[in-house]
Amino acid sequence: MWEPDTKKRCQTNGPFLQCFELILPWLTPIELANVSLTSKSLNQLSKSTTLRRSSDASRSFENLPIPFHNTIDHHPYAHFIYTPSQIFPSSSSSSSQPQRQSWGSLGFSSSASRLGAEPVSLVDELGHSVSGCDCERCDGEDPDGCPCFSEMDELDMGNECGPSCRCGLECENRLTQRGVSVRLKIVRDRRKGWGLYADQFIEKAQFVCEYAGELLTTKEAKNRQQMYDKLASDGRFSSALLVLREHLPSGKACMRINIDATRMGNVARFINHSCDGGNLVTKLVRSSGALVPRICFFASRDIKENEELAFSYGEVRLRSNGLQCFCGSSCCFGTLPSENT
């Protein structure tokens, strides 16, 4: 807590308040609430920061703002670190200290604090990429002209141009790499909590978003799931750890993909489960040369404006005391899918 003379300076000193305008976006919700109690001026600045946070969950990382809507309780937004793509955990991920990311400032530029990592790629002995294309712009109408191009196959997999290709993000074969291009919103539900909704009509097969977060080893994923299960025992915590298995061509092995969006992720962390499969389908998309594919969501049917987005978390339910499911579908099992992570 600040001394009385500090509070007085906050109320009268313009430059001092300008300094706080730079500091407040880096604070956690609890820290921001504490600051708001120190003076009327800081209370107004804190309210403005909160309003800007609730107006765009993506912090301008995405092409369109993704606002929070809550008419249920006093939570204006959900706090987490935003990343538009897969990232590797840093040493600070396991630290008890909160990780920082500017959110809610005036004139914020996402490029200034973008999180992310270069994808794990195939390289030769000199460290040069061994995969990619020399196309300046790949044309979907002539797929034979680009070695990276492939349609989504029956296994719901696809290939796109990667970091070593000459083409840029405007390339037609980088559809899922350009971020969210449909209007979405995050809405608070009394039973399910936050959920992701369509804020426009979305056509069948249209790309919606990637599931972004921390790319974990299986050991780390199991450790985190054990921790999350303990936190969720009182019903007040919800994790966003997604485990997907990619079966290799030999059919004798599969690769586990563990993405944790609980602390760091994108808007996909708000997509809820539906026992009927929902209106989204997951597809594995591998950028040329990358070892680890990305998990992407496409519309499985036409989706109406204001309709909640959902997909199936799985079919296995190993825990007798699993979390209650509120999907509301006619085939609801009553509990969310659960298995040994």
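Scope of the values below: all heavy atoms of this structure, side chains included, with no hydrogens, waters or symmetry mates.
- In this structure, Trp194 and Phe270 have perpendicular ring planes: the angle between them is above 60°, well past the 30° mark.
- The ring-ring contact (aromatic ring centres under 6.0 Å, His included) check on Phe297 picks up Phe311, with sequence neighbours excluded.
- In terms of the salt bridge (charged side-chain N to carboxylate O under 4.0 Å, His left out) criterion, Arg52 has no residue partners (sequence neighbours excluded).
- Under the rule for a salt bridge (charged side-chain N to carboxylate O under 4.0 Å, His left out), Asp56 has no partner lying at least two apart in sequence or in another chain.
- Scored by the salt bridge (charged side-chain N to carboxylate O under 4.0 Å, His left out) test, Glu305 finds no partners at all (sequence neighbours excluded).
- With sequence neighbours left out, the side-chain hydrogen bond (donor to acceptor under 3.5 Å, both in side chains) criterion links Ser181 to Asn63.
- Applying the side chain to side chain contact (heavy atoms under 4.5 Å, CB included) rule to Lys219 yields the partners Thr217, Asn223; only residues at least two apart in sequence or on another chain are considered.
- With hydrogens and angles ignored, the 3.5 Å screen pairs no side-chain donor or acceptor of Glu210 with any backbone N or O of Gln177.
- Side-chain heavy-atom separations under 4.5 angstrom define the hydrophobic clusters, and the remaining members of the one that includes Tyr197 are Val187.
- Scanning for side chain to side chain contact (heavy atoms under 4.5 Å, CB included) contacts around Leu175 gives Glu160, Arg178, Phe207, Phe298, with sequence neighbours left out.
- Among residues two or more places apart in sequence or in another chain, the salt bridge (charged side-chain N to carboxylate O under 4.0 Å, His left out) test is passed with Glu31 by Arg100.
- For the side chain to side chain contact (heavy atoms under 4.5 Å, CB included) test, residues two or more places apart in sequence or in another chain that qualify with Arg191 are Asp189, Phe326.
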Run the side-chain contact (heavy atoms from CB on, under 4.5 Å) check on Val180 and Leu64 step by step: do they pass? CA-CA 7 Å; Val180 178; Leu64 300 166; 5.8 Å; no
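- Under the side chain to side chain contact (heavy atoms under 4.5 Å, CB included) criterion, Pro293 pairs with Glu246, Met255, Ile257, Leu284, Arg286, not counting sequence neighbours.
- Remark: Phe333 pairs with no residue by the ring-ring contact (aromatic ring centres under 6.0 Å, His included) rule, at least two apart or across chains.
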